Amino acid sequence: MAKFIFKSTGHYLGFITIDGNILSRDGIYLGWIEEEDGKHYAWDAEGQFRGTLKEIDENRCYILKNIYSISPVPRKPKSMPSTPAIPAPPPNISPTPLPIGIRDAF
Amino acid sequence: MIDCSRVITQIKPSIGVVFALNEKNEIISKGSGFVFYQEGIMVTCNHVIEKSSTVKIQFSDKKDVYLDATVTIQDREHDLALLKFDDKTRKPIPKGNKDIVKEGMPVIVSGYPFNMRDLTIHQGILSAIVEDATGNELYLIDGTINAGNSGCPLLTESGEVIGVVNAGRRESFKTLEKVDEMKTGAVSLYGVDLIEIYQALIRNLQLGIGYAVPYFYIPEPKTKNNKEESSDNKDFKV
């Protein structure tokens with residue numbers, strides 16, 4: 001089942017597929033999620049580090065970047081293996097205030 | 001100020017220029033590297049060699065000789081690579097240990113910045129021991145780090161390796177990131193690509209802070225029980 005990602009403004013950004021790919025609400029490939037030591041990191045399609053996945057529940061995730069953190073070495077770019085079914089977009093949610101130095105990754 | 005003269009005499013034969021060449025035998029990238037672990041094994045940064053078809057090594061005491069090198073291990077996560085080359089006369093630089101690495105300690109950087117073929121030596125201090133966003137440790141160096149220094153050793157004042165300098169990393173600024181992501185070929189002035197110029201300027205910004213990857217991330221060379229491999233097997237390259 002896909003996980004829905006929202007921006008801190010509450011706008012629906014897209015979803016994460018079961019195999020960890022990040023897609024926009026229109027099904028455009030944005031990148032992928034990698035798990036490391038229990039944390040989930042987001043990389044964009046070009047392999048650049050974008051941020052950390054914050055999962056409030058399976059219907060509400062954010063991908064956030066600490067602007068004061070040092071970006072890791074870019075990964076090898078990945079392309080989307082196949083286009084999955086695009087879930088019906090959920091309604092936007094209430095905005096969430098972000099701490100200082102944290103911003104939406106996408 | 002550290003007197004590096006004794007150290008530089010010892011390490012000079014073991015630090016080389018690394019050239020990455022394309023299929024047409026043109027140089028597409030250049031960095032530094034140093035003999036480590038054993039004779040015939042050189043450490044460099046993965047970004048120096050990752051787009052190469054072939055790799056050559058040159059040492060400052062034999063500028064007319066380009067040695068063939070083979071990429072044996074690529075560690076993309078830490079931006080490190082091991083090269084194998086055929087010259088057993090060059091001795092590995094000794095490894096430091098974690099106990100001697102302290103913030104504020106004096107450090108030496110020795111490599112081949114820009115297009116230089118002569119080994120340069122710089123000194124600075126280890127400004128900070130930090131972690132990147134995924135938890136990998138990094139050393140920040142207050143010293144002169146320029147393009148071409150990538151892959152050169154970060155040394156203690158007694159000449160032990162404590163890290164691998166990475167000139168490709170830099171502080172990220174939102175505006176600069178955008179320029180870095182721009183596609184080249186869109187804007188030109190008198191036939192010169194402006195985006196390429198901006199990107200080159202950013203790459204060569206001298207902010208006085210450099211990065212080095214701690215030595216303990218350097219992958220070990222092949223032994224009977226330790227087959228050569230990449231941290232990401234898809235990156236495996238022979």
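Given the structure is predicted, the values throughout are model-derived calculations rather than measurements. Residue numbering restarts at 1 for every chain, and letters A, B, ... go by the order of the sequence lines.
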**Study point:** Over 12 foreign heavy atoms within 6.0 Å of NZ, K30(B)
**Key:** yes

Practice item. Indicate the atoms forming the closest heavy-atom contact of P77(A) with R76(B), along with that distance. Key: CD-NH2, 4.3 Å

Practice item. Could you tell me which residues in residues 16-41 of chain A have at least one non-hydrogen atom under 4.5 Å from a non-hydrogen atom of chain B, sorted by residue number? Key: E36(A), Y41(A)

Review point. Taking the side chain as C-beta and beyond, is there a heavy-atom pair between D132(B) and F49(A) under 4.5 Å?
Key: no

Exercise for review: To the nearest 0.5 angstrom, please state how far the NZ atom of K76(A) sits from the CG atom of N46(B).
Suggested key: 9.5 Å

Exercise for review: Could you list the residues that satisfy side chain to side chain donor-acceptor pair (under 3.5 Å) with Y217(B), not counting sequence neighbours?
Suggested key: none

